[in-house]
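Report on one structure; see the data block that follows.
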Amino acid sequence: MATMTAPTTEWLAARGWKAFPFQRGVWREMARGHSGLLHATTGSGKTLAVWLGALQTLADTEVPLTVLWVTPMRALSQDTLLALQDAAATLAPHWTLAARTGDTSTSERAAQQRRWPTALVTTPESLSLMLSRADAPEVLKRVRLVVVDEWHELLGSKRGVQLQLALARLRRWNPALMTWGLSATLANLDEAAETLAPGAVIVRGAQDKKILIDTLLPARIERFAWGGHMGLTMLPAVVKHIDAAASTLVFTNTRSQCERWFQALLEARPDWAGLIALHHGSVDAEARRWVEAAMKAGQLKCVVCTASLDLGVDFLPVEQVLQIGSAKGVARLLQRAGRSGHAPGRRSRVTLVPTHSLEIVEASALRAAVQAGHIEPRRPPDAPLDVLVQHLVTVALGGGFRPDELLAEVRSAPSYRQLSDEAWQWALAFVRHGGESLRAYPDFQRVVPDDEGVWRVPDARLARRHRSNIGTIVSDAVMSVQFLTGGRIATVEESFIARLRAGDVFLLGGRALELVRVEGLTAYVRTAKAGQALLPRWGGGQLPISDTLAGAMLERFDEAAQGRFSDAEMRFVAPLLTLQAEWSALPGAQRLLAEVLDSNEGRHLFLFPFAGRTVHLGLASLLAWRAGRDTPATFTMAITDYGLELLSATPIDWAAQLRALLAPVDRATLREEVLASLNASELARRRFREIARIAGLIFHSHPGEVRSQRQLQASASLYFDVFREHDPDNRLLRQAEAELLSAELDVDALGRALARMAAQTLDLRQPARPTPLAFPLLIERLRERVSTESLAQRLARMLAELEAAAGGDAPAVDVGSRLAFGDVQDKPASHRTRRRRR
DNA sequence: GACCTGCTGCGGGATG
């Protein structure tokens, strides 16, 4: 047995590490057996700090599974394993280390089980799978330390909740278990620490990362920003910027934007072929691994990517990061900036590339927020029953449980601290026989108490099915896109391919492809000529800008209102803001701006709460619903991250009514009103699919079987209807509604926004024409109504006339004549994506 | 021919 002493400064220096004070802080806390949360800037040596602490504290014991190291990504597991092995080779050569994820081969798994390694690197899902082993208690009770890497990534999701339940289990088996989280900085560090482990100490690591944030400003200011969000007008400047550095990571917000930019860069610089690559969630895994390796080896000049490279392989050679379009939040920007200069003492550099004028204000706001240390919080989900139900079956497989004991354990997981007895009984009944409406079906009698009162899974087939469906990530069914000759290219949502016909051309994986035929869940393609392609649209989440960022923007507007333009970005947009102030007013932290404008379409209300598009969607529906309660009226709405538009044919007296319509109400009333104002049951039905999957009602996969999206949606929908008719109190139904309100509509944020607006001065203006702030909303709504061709023409005309008016020599524009829709046929929004060039 | 919005992450194992 080797006993380790603290590594010497020389030992650390030889590996390029300085002994930072926070590292000693971690070692001291560990020596006392404390749990903790270590937060520090990326690339500051968090991993080594905790690992060295583990070696010092635990190296004189060498039992199987002394340390579990949990990472959110398989790719990270491999990297982490190598880093841990390096230090252990010198300091604890008697330790064995291994990784275990979905990538681990059957033979490796078998070898691990014959002799568990001292330290195991794994994922939350693989940890849950280990809990489902019959010998889980014997094997896992020896764990003395769990390290959770990138805890901020897991904290706010059901994956984090699943991990909380696993930790609660390990803690019951070993009450002295230490838990250490590694995290980026968050607004709610206390909550993050407490959610990880009760009483965890917070250790602040190195925060001295130098981050340089600058903005690529366009050649001239567009006072009426409408130019889409692709940002390709910035191409020449971006090319120049990439050219000037050895290596660049270009972040885009969407996969289609990623594809489009990659093509555009290649067209601009054909000599970069082979030197630039693209990387996003739909690109084939093999191709992604190649890109990561090539970037790491310094063979690539530039990678265009989405959030797929937010985490992951640490690219030492990355010199700079470009962010095309809004970063949406302070934490996201920091995360991305941290991809460059990823080593202690090195500087990160991120350059923002705005795709419309207001994003230049965002850029200024982002820098201010970073300087002030304002970073978004991440909040754990509250007692999701689908995750609990899955966990119950897992535990029943992993040695079985007695309900009373398990209840205490589950309540020790912070997300379930308030779990009611009724909810617990419901969850038990659900795994026992599927709840009231499913009693008749043996497939839902998953867990049964034996003679001694221990609940177990008696059926080997159900056990196997459960294991192959463990996890909380529910993604849409995707089709694999392959060449006729067999090479896999990428995956796209079934719905995208379903819209195409043989012969159609689309851009994917950096290539123009022609669809040949579809077989099952595979689409066969051949190479087509570039230049005439449809862009795939993937079904994705919507990313509203964060409260933190929106708040920072309002502060910028306040400064502008006082005539202060404190940085290059604000000076650049000064003409836009000045015009806005002239024609109407600027919004501000204490001032809620509303604009009312009449056209021959009707009366437009523009409101600028700066609360992000999710909140604006709920708010627009709520306003329309409240307004229509007294006087029947039909509204058309548009939303952006900055504001909303309500258009009514009837001349609503907004000046008299708006204040009252924005009145805050208590939480329960607000939830009722929001549900009433939307097509809530359809939205909840969609939400229910995820819950049904996690709770084990429907199955993502049986080994050797692939099911299409349509099948899954159909069966989820069936359960939804059955429950609603025969079991209306079903708690999974209620959860779907609650998640719709919280996760999708963010009704609590809406409540906060209403409260904030009530405290603001309402500044209602009646401008003669659409203002720079209103213009994007006008466009947003037009986009939904008219074809792109005529939209472009109309916009060009509107813009020319608004610019003329802004120039000062033109008479006030009669907006009505500009907005006449007589020449335009209304079309469903989907036509925009169906359009084909012939 | 210009125009295009909408992210990421995981996952079996008994038997021969």
Side-chain angles (χ1 to χ4, degrees), chain A residues 70-77 100-107 109-110 113 122-130 132-134 150 153-154 157-160 162-163 226-233 251-261 279-282 305-312 324-326 328-329 332 335-336 355-356 390 397 460 463-475 507 531-544 613-614 640-641 693-694 699-704 779-780 783 787-793 795-796 832-833 835 837:
Chain A
V70 181
T71 63
M73 283 173 61
R74 286 176 302 212
L76 281 181
S77 306
R100 184 187 182 95
T101 69
D103 285 342
T104 309
S105 71
T106 313
S107 55
R109 268 166 215 267
Q113 279 150 223
T122 188
T123 58
E125 287 77 11
S126 286
L127 174 54
S128 281
L129 276 163
M130 288 174 71
S132 79
R133 300 170 50 89
E150 313 275 7
E153 278 295 316
L154 296 167
S157 69
K158 289 183 184 177
R159 296 184 81 193
Q162 186 161 52
L163 186 56
W226 66 279
H229 295 75
M230 279 285 172
L232 283 169
T233 50
F251 279 102
T252 57
N253 282 338
T254 70
R255 285 172 277 181
S256 46
Q257 196 179 22
C258 182
E259 295 274 352
R260 192 72 194 78
W261 266 92
H279 190 287
H280 59 67
S282 295
C305 62
T306 62
S308 57
L309 285 184
D310 266 357
L311 291 184
I324 314 252
S326 170
K328 304 282 186 183
R332 281 170 74 83
Q335 181 80 38
R336 292 179 172 185
T355 59
H356 63 72
Q390 187 182 105
L397 280 166
R464 198 167 58 241
R465 194 169 70 180
H466 178 78
R467 287 198 179 100
S468 49
N469 282 280
I470 277 180
T472 60
I473 298 173
V474 177
S475 23
L507 201 57
Q532 45 166 353
L534 281 172
L535 268 192
R537 281 174 47 142
W538 286 267
Q542 296 194 339
L543 298 162
R613 49 185 311 137
T614 307
T640 65
D641 271 331
R693 234 282 280 147
I694 296 174
F699 308 102
H700 174 67
S701 70
H702 288 268
I779 303 319
E780 192 64 29
R783 273 204 186 124
S787 68
T788 317
E789 288 89 340
S790 44
L791 177 64
Q793 289 165 15
L795 288 179
R832 286 180 296 130
T833 54
R835 202 162 42 82
R837 268 136 298 217

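As the structure is a prediction and not an experimental result, all values here were calculated from the model. Order of the sequence lines sets the chain letters (A, B, ...), proteins ahead of strands, with each chain counted from 1.
Spacing between atom CD of A:Gln335 and atom P of B:dG9 amounts to 13 Å, rounded to whole angstrom units. For A:His280 and B:dT8, the NE2 to P distance is 8 Å, given to the nearest whole Å. Counting to the nearest Å, the P atom of B:dC4 and the CD atom of A:Glu259 are 18 Å from each other. Atoms CG (A:Leu232) and C1' (B:dC3) sit 10 Å apart, rounded to a whole Å. Whole-Å rounding puts the A:Leu311 CG to B:dG9 P distance at 9 Å. Per the geometry, CG belonging to A:Asp103 stands 10 Å off C1' belonging to B:dC10, to the nearest Å. Atoms CD1 (A:Ile473) and C1' (B:dC7) sit 13 Å apart, rounded to a whole Å. For the pair A:Arg693 CZ and B:dC10 C1', the computed distance is 9 Å after rounding to whole Å.
When the nearest nucleotides of DNA chain B are assigned to A:Arg332 and A:Ile470 by heavy-atom distance, the more 5′-ward of the two goes with A:Arg332. Comparing A:Arg336 and A:Thr472 along DNA chain B, the residue whose closest nucleotide (by nearest heavy atom) sits nearer the 5' end is A:Arg336.
For A:Ser128, the side-chain contact (heavy atoms from CB on, under 4.5 Å) partners at least two apart in sequence or on another chain are A:Gln162, A:Ile470. Qualifying side chain to side chain donor-acceptor pair (under 3.5 Å) partners for A:Arg74, counting only residues two or more places apart in sequence or in other chains: none.
Taking 4.0 angstrom as the limit, A:Ser157 places none of its side-chain polar atoms (N or O) nearer than this to OP1 or OP2 of B:dG9. Contact annotation: A:Arg74 side-chain N/O to B:dC10 OP1/OP2 distance is under 4.0 Å. Phosphate proximity of B:dG9 to A:Thr123: absent, as no side-chain N or O sits under 4.0 Å from OP1 or OP2.
Within 4.0 Å (heavy atoms only), A:Thr101 reaches sugar-phosphate atoms of the nucleic acid but no base atom. Residue contacts shown for A:Leu129 are limited to sugar-phosphate atoms, with no base heavy atom under 4.0 Å away. Nucleic acid contact class of A:Ser126 (heavy atoms, under 4.0 Å, all strands): sugar-phosphate only.
Taken from OG1 in A:Thr306 to NE2 in A:His279, the straight-line distance is 8.0 Å, to the nearest 0.5 Å. Note: A:Gln335 CD to A:Leu309 CG = 11.5 Å, rounded to the nearest 0.5 Å. Rounding to the nearest 0.5 angstrom, the gap separating the CE atom in A:Met130 from the OG1 atom in A:Thr122 is 6.5 Å.
Looking at the side chain of A:Lys328, the nearest of the listed nucleotides B:dG6, B:dG13, B:dT8 is B:dG6. Of the candidates B:dG6, B:dA14, B:dT8, B:dG6 carries the atom nearest the A:Arg613 side chain, counting heavy atoms from C-beta on. Of the candidate nucleotides B:dG9, B:dT8, B:dT5, B:dT8 has the atom nearest to the side chain of A:Ala307. The side chain of A:Ser308 lies closest to B:dG9, out of B:dG9, B:dG6, B:dG13. Nearest to the side chain of A:Arg109, among B:dG12, B:dT5, B:dG9, sits B:dG12. With B:dT8, B:dA14, B:dG6 as the choices, the nucleotide that has an atom nearest any side-chain atom of A:Arg255 turns out to be B:dT8. Comparing B:dT5, B:dG12, B:dT8 against the side chain of A:Ser256 picks out B:dT5 as the nearest. The side chain of A:Glu125 lies closest to B:dC10 when the candidates are B:dC7, B:dC4, B:dC10.
Counted by atom type alone, A:Thr101 and A:Ser126 present zero donor-acceptor pairs between their side chains at under 3.5 Å.
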